[in-house]
Amino acid sequence: VQLQASGGGWVQPGWSLRLSCAASGSISSINVMGWYRQAPGKQRELVARSTSGGSTRYADSVKGRFTISRDNAKNMVYLQMNSLKPEDTAVYYCYAEGGLAYWGQGTQVTVSS
């Protein structure tokens with residue numbers, strides 16, 4: 001399984017960004033898709049995840065601001081990030097689970113005035 005993430009960039013506090021991740025390869029095995037992030041000097045943490053059955057889970061710090069969605073027909077997962085804060089600055093990683101864990105390359109999100 002290969003994951004290709006896109007959509008990061010620099011925004012000011014309060015702005016929005018949408019991250020996208022395209023999955024290819026042996027995608028029939030994938031159940032969970034989601035996003036992690038890693039800020040400088042910190043451990044990688046779960047941001048949001050979505051199962052193929054539609055269940056979602058969010059980190060407390062992003063609840064109400066971020067929304068994860070999937071387009072199973074297109075093998076895509078998205079992360080809509082609203083009301084961004086400086087503490088959301090991190091490298092965001094797309095991931096997938098299906099027996100094994102798969103990771104995409106990171107995309108940098110910087111929130112700064």
Side-chain angles (χ1 to χ4, degrees):
V1 175
Q2 294 79 47
L3 302 172
Q4 181 69 42
S6 61
W10 173 84
V11 295
Q12 295 188 14
W15 288 19
S16 298
L17 271 179
R18 188 194 195 205
L19 304 183
S20 301
C21 178
S24 60
S26 301
I27 56 178
S28 61
S29 64
I30 294 176
N31 176 29
V32 178
M33 295 189 74
W35 298 89
Y36 275 73
R37 68 185 180 186
Q38 188 167 20
K42 295 187 177 181
Q43 289 187 330
R44 192 173 295 190
E45 63 175 358
L46 174 69
V47 178
R49 68 194 299 265
S50 172
T51 70
S52 57
S55 298
T56 58
R57 188 171 85 191
Y58 295 90
D60 288 343
S61 59
V62 307
K63 284 180 181 177
R65 300 188 297 121
F66 291 12
T67 303
I68 188 170
S69 60
R70 287 174 67 166
D71 185 334
N72 291 322
K74 296 182 178 179
N75 303 314
M76 298 286 295
V77 62
Y78 306 98
L79 186 67
Q80 178 66 43
M81 306 185 292
N82 298 330
S83 302
L84 282 160
K85 303 176 180 180
E87 51 264 43
D88 295 317
T89 296
V91 178
Y92 285 69
Y93 297 91
C94 175
Y95 86 105
E97 294 178 26
L100 298 175
Y102 306 94
W103 295 90
Q105 90 290 358
T107 184
Q108 176 71 45
V109 172
T110 302
V111 185
S112 172
S113 56

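In this text, all values refer to a predicted model and were calculated from it rather than measured experimentally.
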Pairing residues for [X] by the salt bridge (Lys or Arg N to Asp or Glu O under 4.0 Å) criterion, not counting sequence neighbours:
{"X": "R65", "answer": "D88"}
{"X": "K63", "answer": "D60"}
{"X": "R70", "answer": "none"}

What closest approach, in Å, do [X] and [Y] show between heavy atoms, and which atom pair accounts for it?
{"X": "A59", "Y": "L46", "value": "CB-O, 3.3 Å"}
{"X": "V1", "Y": "S26", "value": "CG2-O, 3.4 Å"}
{"X": "L3", "Y": "Y102", "value": "CD1-O, 3.5 Å"}
{"X": "P13", "Y": "S113", "value": "CD-N, 3.7 Å"}
{"X": "Y78", "Y": "S20", "value": "CD2-OG, 3.3 Å"}
{"X": "L19", "Y": "W35", "value": "CB-CH2, 3.6 Å"}

With the side chain counted from C-beta on, respond yes when [X] and [Y] share a heavy-atom pair under 4.5 Å apart, and no when they do not.
{"X": "F66", "Y": "Q80", "answer": "no"}
{"X": "Q4", "Y": "Q105", "answer": "yes"}
{"X": "Q12", "Y": "L84", "answer": "no"}

Hydrophobic cluster identity match, [X] and [Y], side-chain contacts under 4.5 Å:
{"X": "V91", "Y": "Y95", "answer": "yes"}
{"X": "V109", "Y": "I68", "answer": "yes"}
{"X": "V32", "Y": "Y58", "answer": "no"}
{"X": "V62", "Y": "L79", "answer": "yes"}

Measure the CD-CD distance between E45 and Q38 for me, rounded to the nearest 0.5 Å.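 E45 atom CD to Q38 atom CD measures 9.5 Å (nearest 0.5 Å).
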
Distance, nearest 0.5 Å, that separates CE of M33 from OG of S69: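 So the gap between those two atoms works out to 11.0 Å.
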
Should N82 and S16 be marked as a side-chain hydrogen bond (donor to acceptor under 3.5 Å, both in side chains) after you check the CA-CA gap, both sets of side-chain angles, and the distance that decides it? CA-CA 4 Å; N82 298 330; S16 298; 2.9 Å; yes

Residues which pass side chain to side chain contact (heavy atoms under 4.5 Å, CB included) with Q2, listed by chain and number, not counting sequence neighbours: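 For Q2, the residues satisfying side chain to side chain contact (heavy atoms under 4.5 Å, CB included) (neighbours in sequence not counted) are S24.
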
Please name all residues satisfying side chain to side chain contact (heavy atoms under 4.5 Å, CB included) with K42, sequence neighbours left out, ordered by chain then number.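 Partners of K42 under the side chain to side chain contact (heavy atoms under 4.5 Å, CB included) test: A39.
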
What do you reckon, is CD of Q43 surrounded by more than 12 foreign heavy atoms closer than 6.0 Å?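 Incorrect, the count does not exceed 12.
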
Main-chain N/O of [Y] paired to [X] side chain as donor or acceptor, under 3.5 Å:
{"X": "T107", "Y": "G8", "value": "yes"}
{"X": "D71", "Y": "K74", "value": "yes"}
{"X": "E97", "Y": "N31", "value": "no"}

Y92 side chain to R37 side chain, donor-acceptor N/O pair below 3.5 angstrom: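 R37 and Y92 do have a side-chain donor-acceptor pair below 3.5 Å.
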
Looking only at side chains, do Y36 and R49 share a donor and an acceptor under 3.5 Å apart?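 Side-chain D/A pair, Y36 to R49: absent.
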
For residues 4-110, which residue pairs pass the disulfide (SG to SG under 2.5 Å) check, not counting sequence neighbours?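 Residue pairs with at least one partner in residues 4-110: C21-C94.
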
